[in-house]
Structures are given as C-alpha cells and as structure tokens.
Asker: 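Before anything else, here's the structure in question.
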Amino acid sequence: MKPVIERHETDILIIGSGGAGLFAALHAQQTAPQGTRITIAVKGLLGKCGCTRMVQGGYNVALGGGDTVERHFMDTIRGGKWLPDQDMAWKLCNLAVERVHELENEIGCFFDRNPDGSVHQKAFAGQTADRTVHKGDLTGIEIISRLMEQVLARPVERLQEHRAIGLIPTRDGSALAGVLFIDMRSGGFRLVRAKAVLMATGGGPTMYRFHTPSGDKSMDGLAMALRVGLCLRDMEMVQFHPTGLLAGDHTRMTGTVLEEGLRGAGGHLLNGAGHRFMFDYDAKGDRATRDVVSRGIYAEMRKSNVSPNGGVFISMAHLGPENVAAKFPGMVKRCADSGFDLAAGRVEVVPTAHYMMGGVVVDVDTRTTLEGLYVAGEDAGGAHGSNRLGGNGVANSTVYGGVAGEVMGRDVASMTLRDPDEAVLDAELARALHPLGQKPALVQPLRTALQDAMWEHVGVMRDEPGMTRGLTRIADIRAELMQTGIDGTNLAFNLTWHDWLNLASLCDISQVITQAGLARENSRGAHFREDFPDQGDLPSSYFTVARRGGEAMAVDREAVKFSIVKPGETILAEGEPETLVAN
Amino acid sequence: MRGHRGHPLWLAYGLHRLSGLALALFLPAHFWVLSMALSSPERLDGFLHWAEAPLVKFAEFGLVFLLAVHAFGGLRLLALELLPWTPGQKTLAAGAVAGAVLVCGVFLLNAV
Amino acid sequence: MLDLRLYLLQRISALVMVPLVLTHIVVMICAIQGGLTAGEILLRTQGSLFWLTFYGLFVLAVSVHAAIGLRVIVHEFTGLRGTALTVLGWAVFAGLLALGARAVWAVTL
Amino acid sequence: MTASTGMLEVSVWRGSAGDGQFQAFRVPVQENQTILDVVSWIQQNADPTLSYRFACRVGMCGSCAMMVNGLPRWTCRTHVQKVLNGNRLTVAPLRNLAVIKDLATDMDPFFDKWVEAEGRHHPTATRHDPMPPITADAPGRAEADAAIECINCAVCYAGCDTVAGNPDYLGPAALQRAWTLINDAKEADKGAILTAVAQSGGCFNCHSQGSCTAHCPNELDPMRSVAGLKRATVLAALKGGS
Ligand SMILES: Cc1cc2nc3c(=O)[nH]c(=O)nc-3n(C[C@H](O)[C@H](O)[C@H](O)COP(=O)(O)OP(=O)(O)OC[C@H]3O[C@@H](n4cnc5c(N)ncnc54)[C@H](O)[C@@H]3O)c2cc1C
Ligand code: HEM
Ligand code: SF4
Ligand code: F3S
Ligand code: FES
C-alpha cells in the first residue's frame with residue numbers, strides 16, 4: 001500500500017539551517033517580492049543542528065591593517081594547491097568583508113576586540129596575515145544563535161525535524177519541482193513544491209571511524225544531488241583534523257575536535273612510547289599544517305607506536321597546568337567532563353574527518369544545472385580546491401548562503417511552481433520505505449563497518465590496491481544494508497529508520513569519494529596517494545567530476561581554469577612581503 | 001522529582017513562599033481576635049489568657065517566627081532585585097536566616 | 001502573572017512594612033513580658049493617633065501585599081487566570097482590608 | 001580499553017505526549033561513557049524504537065538535554081560516573097516542555113518566548129558601516145558578554161518552577177538574552193525589549209528560585225540577568241513617568 005504524501009507549497013524552500021541556510025532565508029526575504037513565501041526545512045531543530053554552530057576557531061576575512069582581499073585570495077588558492085575555482089574563491093574572499101560587517105552590525109554578533117576596541121584577528125596555519133575573526137573559541141555559537149533569533153523573529157515558515165530524502169525534478173528533468181521529506185516527528189511523507197530551492201545540508205564526512213561533524217550530517221544532500229543527475233567535484237578531498245579526541249569506540253565524544261590552538265601554543269604530540277615523533281616527519285614538528293600532522297600521526301599508528309586506544313597523546317602540562325587552564329578553559333572543561341585532564345595530564349588524540357571540500361558543481365551565483373535548484377555552503381564544491389583553510393569554512397557558508405538568498409529572491413519573481421515527475425517521486429518513496437520490507441536487524445554494526453573500511457582504505461593516506469578493496473567493501477556493506485530491515489510499527493521519531501537512511505547516503509558518497517580518489521593520480525592537499533606522492537604538474541592541474549548515469553558512476557577529470565592567477569604567479573603588488581604574521 | 005530544588009536559593013524561596021502563605025492565612029484570624037476588643041473585651045481577654053497555654057504559646061512563637069522569616073527573606077529578595085547584584089547570594093540567604101533566628105530566639109526567650 | 005504595576009505595589013508595600021513589622025515584633029517582645037491582657041493592649045493603643053496611623057498603614061500595606069502574593073500563588077498552583085484571578089485578588093484585598101480596619105478600629109478607638 | 005566492569009540499571013521514560021511509563025534496561029558500563037552514550041547504546045543495541053535528540057555531541061548545540069536522576073542536564077557532556085546513583089540511572093524527557101516521543105520534547109515554546117522577549121539584535125548600523133570600536137571595559141560590555149555562551153539548551157527552563165506553574169512566563173534563558181541586549185552598546189531598540197520583558201509573562205514573575213543558575217551547564221547566571229531586567233524596567237518606568 002502506498003503511503004499518503006502530504007503536499008505542501010511555498011515559493012522559496014531552504015533545506016538546512018546552518019550558516020548557509022539561515023543567511024539565505026534572511027537575504028531572500030530582503031530581495032524577494034512582497035508576499036513571497038519562504039520556508040526552511042531542517043533535519044533537526046532550527047539553528048541547533050549542523051556544523052556552523054560547532055565552529056570554534058573563527059571566520060577569515062581581510063579587514064585591513066596590511067591584509068587585503070588579494071592576500072586572502074592568494075592564501076586560499078595556495079592552500080587549495082591551485083585547484084580552487086578562482087572566481088568562487090575570489091567572491092568568497094571579497095564578500096566575506098561585507099558579510100562579517102553584516103554579522104556584527106545587522107545580525108548582532110559581537111566578535112572579540114583588541115584593547116583599542118578594534119576587532120581582534122589571529123592567524124590559522126596557512127595564512128599570511130592575522131585574519132581570523134572570532135568570539136573566544138565558541139565563534140559558531142555566537143554566529144548561529146544570533147542568526148537563528150533573527151530568522152525566528154521573521155515570517156519564515158519552519159519545517160523542523162523534516163528530513164529531505166529526494167529532489168524531485170519535472171517530467172522532462174530540466175528543472176526541480178520539489179523536495180520529498182520525511183516529517184520525522186510523525187514519520188509521514190511531505191512533498192514541498194517550491195519555485196526555488198536552496199540545498200544547504202552541509203556535507204559532513206561522517207563515514208569515517210573518527211569524525212567531527214554533528215550527528216545529523218550524513219551527506220544526504222550530495223547523495224540526493226547525485227541521484228538527480230548533478231555533477232560532484234573534488235570528492236576525493238576530505239579534510240582530516242589532526243587532533244580529534246580519542247576516548248574509545250563506545251562514546252560519541254570520540255572524534256570531536258581538540259582545538260588546533262593547542263599545538264600552536266606549544267602542545268606536544270607524543271607516541272605510545274612518549275616520543276615527540278612529529279620532528280621525524282617535518283621540520284616544523286608539532287606546528288606543521290593539518291595535513292602533515294595528520295599523516296605523521298597516521299604513520300605512527302601504522303607502526304603501532306600508539307596510546308592505549310590506538311592513537312597518540314597530546315600533552316600540555318609542560319606549559320604549566322594553570323596557564324593551560326586559563327588559556328583554553330573550554331577545551332579543559334570539555335576534556336574534564338569526559339574524564340580527561342588536559343591541563344596536567346595527557347589526552348589521547350587521533351586524526352578525524354572534518355570537512356568535505358568536494359560538492360555540487362555550481363556557478364558563482366550558487367546556481368546548478370537544474371533550474372530552480374541552488375546549492376551553497378559545504379554542499380557546494382569549488383571554493384576550496386584540495387584543502388580548506390581554517391576559517392574559510394564558515395566564511396564560505398555565510399557568504400554563499402547570502403548570495404543564494406539574494407539570487408533566489410530575484411529569480412523567483414519570474415518562476416512558477418512546476419509539476420513533479422511522479423515516477424521519480426514513487427522511486428524515492430520506495431527507496432525510503434525499502435527497509436520496512438526487510439527483516440529487522442541492527443543497523444549500527446554496518447555503520448561501524450563502513451567507517452572502518454573508509455578509515456582503512458580511503459583515509460589519511462591512500463593507494464590503488466587499498467581503494468579498490470575499499471570499493472568492494474562499500475559495495476558489500478550496501479548490499480547487506482539492503483537486506484537489513486527496521487521495525488516500522490511506529491515511524492514517529494524512529495531514529496533507527498533514519499540511521500538506515502543516513503547509512504544509505506553515506507554508502508553512496510563513500511563510493512564517490514573512493515572512485516574520485518582513484519581518479520586523481522597525484523597528491524594534493526588533503527588527498528595523499530602513497531603510490532603517487534608528488535603533486536603533479538601545476539599548470540595542467542585538473543579536478544575530478546563525478547556523475548551518475550543510470551546505475552554506473554563515472555569520474556572524469558576537468559582542467560582547472562586559472563581565470564585570475566596562474567601557478568607560480570601572484571596578484572599581490574610587487575614588494576608585498578611574503579607574510580605579515582610575526583613568528 | 002525533588003532533585004532540581006535541592007539548593008540553598010530554592011530553599012530560601014520555598015521558605016519565603018510558605019511563610020508568606022501561612023501569614024496570609026493566619027491574618028484574618030488575627031484580625032478577628034483583635035476586633036473582639038470592640039464587641040466583647042472579656043472574650044479577647046479570655047483568648048489572651050489562653051496564651052499562657054503551651055499550645056497557644058507554640059502557635060504564637062510560630063507566628064513571630066513566620067513573620068521574621070518572611071520579613072528577612074523578603075529583605076534578601078529586595079536587596080537582590082534592587083541593588084546592583086553581587087554574587088554573594090548564598091551569603092545573603094544565610095544572613096536572612098540568621099536574622100530571623102535571632103529575632104525568634106529573643107522572642108522565645110521572652111515568652112518563656 | 002505579575003506586571004510592572006503589581007510588582008511595584010508588592011515591593012513598595014513590602015518596603016513600607018519593613019519598619020512596621022520590626023517595630024511590631026519589638027513591641028510584642030516587650031508586651032508579652034509577664035503575660036498579655038486586653039486591658040494592657042487597649043491602654044497602649046486606645047485613643048492614640050500614632051498607633052491608629054501605624055496599624056492603619058500596616059493593614060493597608062499588608063492587604064495589598066498579601067492579596068498580590070496570594071494571587072500569584074493561586075495562579076501558579078491552579079492555573080487560574082483572567083477575570084477570575086483579578087476578582088480573587090480584589091476580593092482578598094477587600095476582605096483583609098475590612099477585617100483589618102475593624103481590628104484597628106477596635107483597638108484604637 | 002573499553003573494559004566493562006558491570007551493568008547499569010537504566011530506567012528510561014517511554015511514551016508520547018501525556019502518557020507513558022518508565023522502562024528498564026541493562027546497559028554495559030564503559031569507561032568515558034556519557035548519558036547520551038547510554039541512551040544511544042539502548043537505541044542501537046537493545047531497543048531500536050527509542051527516540052531522543054542530539055546533534056553536536058560536544059555541548060555546543062543544546063539539543064540533548066534530559067532529566068537525569070531528576071536533574072536537568074546536557075547529556076552529551078555528562079559523564080555517567082558523575083551522576084550514578086549506585087548503578088542506577090533514571091533518564092526522562094526535559095521538564096516543562098511537551099513530549100513528542102520518549103526523550104524528545106517540543107522546544108518550540110522555549111524559542112517562541114525567546115522571540116516574545118524581543119531576544120534579537122535591533123540594528124543601529126548596516127553592513128556598509130564600519131564595525132564599532134568597543135573596548136572590553138566599555139560600560140555594560142562584561143554584562144553583555146556574560147550570556148554569550150548560552151546554547152539555548154533549556155536546562156534552566158526545565159529547572160524553573162515558575163515556568164512550571166505559569167506557562168506564560170518567558171523563562172530564564174529568553175530573559176537573559178534580553179538582558180544581554182539591554183547592555184549592548186549596539187542595540188537600537190532597548191525600549192521595545194524593556195516593554196516586552198515587562199509584560200504579564202515577563203521578568204517580574206521570577207521568584208529568584210535560582211535553579212536556573214544552579215543547573216546551567218555553562219555556568220551562566222540567568223538569575224542575575226533577570227534581576228538586572230527587573231531593575232532596568234522599573235527604572236525605565238519611573239523615568240517614563242507611568
Ligand atoms: C567541530 C567543527 C569545527 C569547525 N570549525 C571551523 C572554524 O573554526 N572555522 C571555519 O571556517 N569552519 C569551521 N568548521 C567548518 C564549518 O562549520 C562548516 O564549513 C560550515 O559551517 C558549513 O555550513 P553549512 O551551512 O554549509 O552547513 P551546516 O552548518 O552543517 O548545516 C547543515 C544543515 O543542514 C541540515 N541537514 C542535513 N541533512 C539534511 C536533510 N537530509 N534534510 C534537511 N536538513 C538537513 C542539518 O541538520 C543542518 O541544519 C568547523 C566544523 C566542525 C565540524
Ligand atoms: C517586612 C515585611 C515583609 C516583606 C519585606 C515582604 C516581602 C515580600 C516580597 C519581596 C515578596 C515577593 C516574593 C516573590 O515574588 O517571590 C513577598 C511575597 C509575599 N508576601 Fe511578603 N513581605 C513582608 C510581609 C508580609 C506579610 C505580613 C504577609 C502576610 C500576609 C506577607 C505575605 C506574602 C505573601 C502571601 C507573598 C507571596 C509569596 C510568593 O509569591 O512566594 N508578606 N513578600
Ligand atoms: S542559560 Fe544555560 S541552561 Fe539556560 S539555555 Fe542557556 S546554556 Fe542552557
Ligand atoms: S529558576 Fe526561575 S524563578 Fe527566576 S531565578 Fe531562575 S528564573
Ligand atoms: S548534543 Fe549538542 S549539546 Fe549535547
């Protein structure tokens with residue numbers, strides 16, 4: 001029996017309430033014609049899920065004092081190892097200036113100040129200027145709480161705990177008609193038709209044994225985009241943060257970030273034998289960049305020079321426990337809550353999957369090839385290339401979320417509601433209902449199996465045999481998932497059903513990551529091939545593009561367009577110093 | 001589910017509310033007794049003589065106790081609300097209790 | 001269910017009562033020395049303009065104060081609201097005021 | 001090192017709005033285990049139909065609060081050892097909010113009140129103006145900063161008996177946000193905020209029970225903020241001559 005689908009209509013539909021989704025709602029309201037209906041649908045509670053809230057370090061923006069948009073742009077391109085889409089990167093750096101002013105002046109954020117009252121900025125690794133604006137080490141809470149209350153106070157329709165499960169195109173496939181949701185609270189289905197839809201579900205590589213993003217993120221957006229025929233770029237580029245908390249595999253705390261500042265402040269990484277191993281891998285030792293340190297730790301783990309839980313230690317005690325407690329109160333308290341003494345003892349850490357550089361191919365106005373569908377934030381690929389600089393993530397989601405809102409607000413005037421392809425609708429429905437027809441079994445062991453496979457074969461270091469094995473394991477896990485049922489007696493707030501759906505999305509995207517990893521035969525940024533350790537020829541740099549045709553998936557290479565600056569060149573004025581950061 | 005109430009400030013609040021309520025309920029009785037002075041002074045005297053009885057004495061003590069507890073608790077609240085706030089709330093609470101106990105003590109000493 | 005007006009009235013009446021209550025307690029402590037008689041009370045209070053003002057003010061303040069206090073408690077415990085709550089508040093106030101006025105009348109005239 | 005040294009006896013509230021009961025589970029003890037881990041273990045291994053809510057799992061999103069052994073707490077940052085009563089645990093949905101199912105509550109009223117308290121910035125400047133120079137010792141700044149770590153978890157809201165008795169009461173978190181704005185040099189419409197918090201569900205209902213301050217997992221002090229609002233509204237009214 002076919003379940004009832006409630007039908008709902010709006011003008012602008014936004015999926016996700018992170019930095020991208022919330023900014024889109026505000027800007028759409030500012031540019032759309034009077035009376036335009038705006039709806040936000042989100043998998044959790046509005047503003048309380050997603051990763052923007054978890055931002056610690058801060059927001060990159062060139063605010064003068066020697067720093068320029070040009071310098072921010074050059075750091076972004078160099079950090080991305082010449083793979084970023086340069087027009088997107090430029091727009092990111094340029095608009096970040098206005099966006100941070102909007103956050104402070106219109107949205108009501110308050111960023112930390114210098115003694116003279118000007119905004120305080122610091123430098124993350126890979127930056128040549130003190131550029132990162134922040135609110136202590138809880139920047140995301142300040143940004144999202146303020147955005148959330150602005151959106152709550154406006155006439156924006158809220159569909160909370162609504163999980164998008166399928167993008168439904170028109171019959172000819174040229175445009176998007178609507179989005180199919182599960183109303184998680186009731187377990188019912190809802191089709192929301194809209195003239196313009198923003199997808200801002202925020203990627204989130206949670207298919208790794210260790211990962212930082214919030215529990216609601218499971219690559220649903222990218223999986224839906226793939227199914228509707230859109231291209232995904234740079235999918236092999238998964239950023240690992242070197243210091244995730246390691247507290248055992250039974251606690252959700254494992255994988256959560258221990259701040260980068262700990263190493264910056266002089267923290268030591270020690271292997272199982274208590275040896276400071278990072279100098280064996282890089283002259284900068286513990287202060288090397290994220291990718292280098294992640295690989296150093298991973299190498300120690302392979303040699304089994306490990307801590308009791310199989311990682312390494314971070315030790316701060318030599319800096320004076322009181323100093324550490326005063327400088328990193330949040331981190332010290334968080335560790336203490338889970339039973340660790342960061343200030344005076346050692347805490348076990350491990351590289352942890354943090355950010356998805358890859359995403360849907362979009363233009364600088366967030367448009368996709370499907371009319372009516374826009375993508376912004378971590379779901380969109382291109383701005384970061386092979387590596388995202390710390391602080392560019394939240395800048396990206398707020399900048400492009402705002403852009404999407406404005407563009408949709410303008411486009412929507414000339415758009416009408418479209419009729420969905422009922423066949424696709426039925427197929428998506430059947431997909432979601434599939435587990436209800438199978439014999440119930442535990443889902444979690446399969447999720448663990450996928451996380452192990454990805455960690456072991458498509459993780460910090462990769463090679464062809466490994467990734468090939470990875471593909472087989474992913475396929476096996478997917479096959480087993482299709483045999484795994486869930487108890488569907490009560491679909492209301494049925495988390496296990498959603499665990500199943502999460503895992504389905506993660507399997508799809510894990511396959512894409514692995515195939516893209518095989519397609520890139522060199523090592524750039526976050527992607528390190530042991531069988532192709534060098535970076536390859538810069539002028540002929542390419543990015544990968546994955547697309548699904550029927551059941552098969554193809555990954556192609558496309559040449560990077562150096563539309564603003566060519567490898568080896570710079571747009572900084574002559575005589576500009578290499579770096580403005582005092583060391 | 002008493003759990004979330006087990007801290008000094010809530011207890012101070014609870015005491016304040018209970019004492020206020022008890023006072024408010026006693027007040028009509030108190031007024032009624034006093035107004036006997038008008039209609040029948042002898043009966044009032046009769047009442048006041050009962051004040052010698054231990055039970056009534058206990059009740060009387062209770063009333064002064066309530067009044068003292070409530071008044072000092074109220075002062076504590078007024079200080080907290082009207083003066084620029086200092087974090088020494090628990091000290092204030094303790095001070096209020098001490099003041100109330102002092103007054104009651106004096107009353108009790110006098111009454112027996 | 002307290003708005004600014006009721007809140008202020010309750011606080012002001014409380015402040016007014018502070019000296020009154022303290023004086024009252026002190027007087028009672030002294031008065032009960034050696035037992036209490038109607039005659040003693042009346043001797044002190046009857047015909048005294050001071051005690052008339054003192055207790056008159058006390059009764060007025062306590063009626064306002066307790067009426068608002070009870071109104072809050074009733075609302076929080078029973079959920080009573082709207083006109084019913086307002087009526088209850090006024091009734092308590094009027095009742096206390098009437099009883100109190102009679103008592104003051106009795107002891108001071 | 002995931003040595004389990006026994007079993008926890010966990011009582012979990014099951015049911016939907018209005019009716020429900022506690023159900024007993026046995027959960028293996030693990031090192032470094034949080035209450036959220038216990039609840040997740042039950043859902044992942046013992047009873048797949050258990051409903052609860054979480055997102056960040058590190059104390060930043062405020063989605064995971066529940067009543068644990070009778071106290072409102074964030075569950076992702078509450079270590080089991082810290083709250084264990086013998087080997088017993090009782091986990092129930094957050095108080096003062098309607099239950100959707102099992103441990104998940106409807107938080108909408110909490111946020112509606114945030115809006116009702118005018119808990120949002122009313123701008124004085126635009127994105128085209130410079131960021132105002134404000135020093136850390138500027139008047140009110142410390143007070144305005146104090147509430148910034150609020151993750152709107154509603155733990156304070158669940159602890160407050162005034163909220164329980166008076167459904168109109170805006171509650172500690174929303175009022176605390178209003179107090180932050182009153183102290184913010186950038187805030188344009190302090191009058192509207194003061195009016196909003198002086199209405200019949202506003203700050204005057206607070207009886208300084210202090211449970212909000214006692215239970216806030218971020219060690220914030222909403223009670224102090226509400227007291228500040230009482231003063232500010234009274235002062236404004238006296239000045240306004242009403
Ligand atoms: C721990 C941590 C620390 C970080 N620190 C920094 C930092 O210091 N600086 C920096 O620049 N970046 C940082 N980042 C990265 C940054 O947070 C992200 O890049 C950025 O916030 C992404 O914003 P977004 O709006 O695209 O996605 P998100 O903020 O993740 O929001 C995604 C939204 O989509 C919703 N959603 C997901 N799936 C569905 C679905 N199927 N249906 C409906 N809704 C759905 C989610 O619930 C959520 O509301 C950090 C990330 C993490 C995890
Ligand atoms: C010096 C004398 C007094 C002071 C300073 C005082 C102070 C206060 C204050 C500040 C409150 C508000 C409490 C809150 O909102 O939580 C209050 C409440 C109350 N008072 Fe008094 N009061 C005094 C005397 C009295 C008397 C004599 C009575 C007897 C009728 C009384 C009855 C009440 C009642 C019933 C409440 C409501 C309790 C509550 O809401 O918890 N008070 N008092
Ligand atoms: S004040 Fe504290 S308890 Fe209340 S919502 Fe904010 S963080 Fe949670
Ligand atoms: S617990 Fe409630 S009564 Fe006031 S002090 Fe806190 S808001
Ligand atoms: S899950 Fe986010 S605060 Fe607990």
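In the text below, chain A, chain B and the rest are named by the order of the sequence lines, each starting its count at 1. Since this is a predicted model, take the numbers as computed values, not measurements.
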Asker: Taking every non-hydrogen pair under 4.5 Å, which of G59(D), P130(D), C76(D) racks up the most with chain A?
Answerer: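 Among the listed options, the one with the most contacts to chain A is P130(D).
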
Asker: Quick one: pull up CD1 in I100(D) and CG in D106(D) and give me the separation to the nearest 0.5 Å.
Answerer: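 Result: 5.0 Å between the selected atoms.
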
Asker: Once rounded to the nearest 0.5 Å, what's the spacing between atom CE of M148(A) and atom CZ of R120(D)?
Answerer: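 Result: 13.0 Å between the selected atoms.
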
Asker: Report the residue from R95(D), H215(D), K113(D) that forms a side chain to side chain donor-acceptor pair (under 3.5 Å) with Y157(D).
Answerer: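 Single side chain to side chain donor-acceptor pair (under 3.5 Å) partner of Y157(D) among R95(D), H215(D), K113(D): K113(D).
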
Asker: Tell me which of these, G62(D), C150(D), A138(D), A188(D), has more heavy-atom pairs under 4.5 Å with chain A than the rest.
Answerer: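 Top option by heavy-atom pairs under 4.5 Å: G62(D).
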
Asker: Does any heavy atom of chain D fall under 4.5 Å from the side chain of D499(A), the backbone, both, or neither of them?
Answerer: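 It is the side chain, since no backbone atom gets that close.
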
Asker: Where does I141(A) contact chain D at under 4.5 Å (heavy atoms): side chain, backbone, both or neither?
Answerer: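 It is the side chain, since no backbone atom gets that close.
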
Asker: Can you check whether H128(D) and H101(A) have ring centres sitting under 6.0 Å from each other?
Answerer: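 Ring centroids of H128(D) and H101(A) are no less than 6.0 Å from each other.
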
Asker: Under a 4.5 Å heavy-atom cut-off, does chain D meet the side chain of V119(A), its backbone, both or neither?
Answerer: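 When you check distances to chain D, only side chain atoms of V119(A) fall under 4.5 Å.
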
Asker: Which answer fits L46(A), side chain, backbone, both or neither, if we ask what part of it has an atom under 4.5 Å from a heavy atom of chain D?
Answerer: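 The answer is neither part of L46(A).
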
Asker: Between L50(D) and chain A, which part of the residue has a heavy atom less than 4.5 Å away: side chain, backbone, both or neither?
Answerer: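 Backbone of L50(D) only, per the 4.5 Å heavy-atom cut-off to chain A.
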
Asker: If we count only N and O atoms by modelled type, under 3.5 Å, do the side chains of S307(A) and E348(A) hold a donor and an acceptor together?
Answerer: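 Yes, side-chain donor-acceptor contact under 3.5 Å.
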
Asker: Mind ranking K217(A), R158(A), R447(A) by heavy-atom pairs under 4.5 Å with chain D and telling me who comes out on top?
Answerer: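 Answer, by heavy-atom pair count under 4.5 Å with chain D: R158(A).
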
Asker: Using heavy-atom distances under 4.5 Å, tell me whether V55(A) contacts chain D through its side chain, its backbone, both, or neither.
Answerer: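 The backbone, not the side chain.
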
Asker: Is a side-chain donor-acceptor pair under 3.5 Å present for D37(D) with S40(D)?
Answerer: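 The criterion, which ignores hydrogens and geometry beyond distance, is not satisfied for D37(D) and S40(D).
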
Asker: Answer yes or no on whether R99(A) is positioned over the face of Y59(A), meaning its NZ or CZ is under 6.0 Å from the six-membered ring centre and within 45° of the axis.
Answerer: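 No, cation not above the ring by the 6.0 Å, 45° rule.
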
Asker: Given a strict heavy-atom distance threshold of 4.5 Å, which part of P445(A) is in contact with chain D: side chain, backbone, both, or neither?
Answerer: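 Neither part.
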
Asker: I need the residue from D112(D), V115(D), N218(D) with the largest number of non-hydrogen atom pairs under 4.5 Å to chain A.
Answerer: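 Heavy-atom pairs under 4.5 Å are most numerous for V115(D).
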
Asker: What's the spacing between L442(A) CG and I486(A) CD1 if we round to 0.5 Å?
Answerer: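 That separation rounds to 12.5 Å.
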
Asker: Heavy-atom distance under 4.5 Å to chain D: side chain of C51(A), backbone, both or neither?
Answerer: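 Nothing of C51(A), per the 4.5 Å heavy-atom cut-off to chain D.
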
Asker: Any carboxylate oxygen within less than 4.0 angstrom of a Lys/Arg side-chain nitrogen, looking at R113(A) and E104(A)?
Answerer: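 E104(A) and R113(A): salt-bridged.
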
Asker: If only atom types and distance count, is the side chain of S51(D) paired as donor or acceptor with the main-chain N or O of F493(A) below 3.5 Å?
Answerer: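 Pair found, side chain donor or acceptor close to backbone of F493(A).
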
Asker: E106(A) versus chain D, heavy atoms under 4.5 Å apart: side chain, backbone, both or neither?
Answerer: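 Both parts, backbone and side chain.
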
Asker: Does a donor on one side chain sit under 3.5 Å from an acceptor on the other, for D221(D) and T213(D)?
Answerer: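 Yes, a side-chain donor-acceptor pair sits under 3.5 Å.
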
Asker: What part of E102(A) lies closer than 4.5 angstrom to a heavy atom of chain D: side chain, backbone, both or neither?
Answerer: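 For E102(A), heavy atoms of backbone and side chain both lie under 4.5 Å from chain D.
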
Asker: Quick one: which of V97(A), D216(A), N114(A), L152(A) has the most heavy-atom pairs under 4.5 Å with chain D, could you say?
Answerer: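 The residue among V97(A), D216(A), N114(A), L152(A) with the greatest pair count is L152(A).
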
Asker: Who among K43(A), R185(A), R146(A) has the most heavy-atom pairs with chain D under 4.5 Å?
Answerer: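 Top option by heavy-atom pairs under 4.5 Å: R146(A).
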
Asker: Between D337(A) and K82(D), is there a side-chain N and carboxylate O pair less than 4.0 Å apart?
Answerer: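 Yes, this pair counts.
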
Asker: Report the option among N152(D), D145(D), T49(D), D137(D) that has the most heavy-atom pairs separated by less than 4.5 Å from atoms of chain A.
Answerer: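 Result: the option with the highest number of such pairs is N152(D).
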
Asker: If you tally heavy-atom pairs under 4.5 Å against chain A, which of E116(D), R177(D), E187(D) wins?
Answerer: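 Most pairs with chain A among the choices: R177(D).
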
Asker: Given that the side chain runs from C-beta out, which part of I134(D) has a heavy atom under 4.5 Å from chain A: side chain, backbone, both or neither?
Answerer: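 Interface part for I134(D): both.
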
Asker: Examine whether an atom of S186(A) lies under 4.5 Å from a heavy atom of chain D, and if so say whether it belongs to the side chain, the backbone or both; otherwise answer neither.
Answerer: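 Neither; nothing under 4.5 Å.
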
Asker: In plain terms, say whether R53(D) and E161(A) are close enough for a salt bridge, that is, a side-chain N and a carboxylate O under 4.0 Å apart.
Answerer: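 Looking at R53(D) and E161(A), the cut-off is met.
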
Asker: Answer yes or no: is there a donor N or O on one side and an acceptor on the other, between the side chain of T139(A) and the main chain of H134(A), under 3.5 Å?
Answerer: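 Pair absent, no side-chain N/O of T139(A) close to backbone of H134(A).
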
Asker: Given that the side chain runs from C-beta out, which part of T254(A) has a heavy atom under 4.5 Å from chain D: side chain, backbone, both or neither?
Answerer: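 Looking at T254(A), just its backbone touches chain D.
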
Asker: Side chain, backbone, both or neither: which part of M107(D) has a non-hydrogen atom closer than 4.5 Å to chain A?
Answerer: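 The side chain, not the backbone.
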
Asker: What residue, out of T34(D), D184(D), I151(D), has the most heavy-atom pairs lying under 4.5 Å from chain A?
Answerer: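 Sorted descending by pairs with chain A, the first entry is I151(D).
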
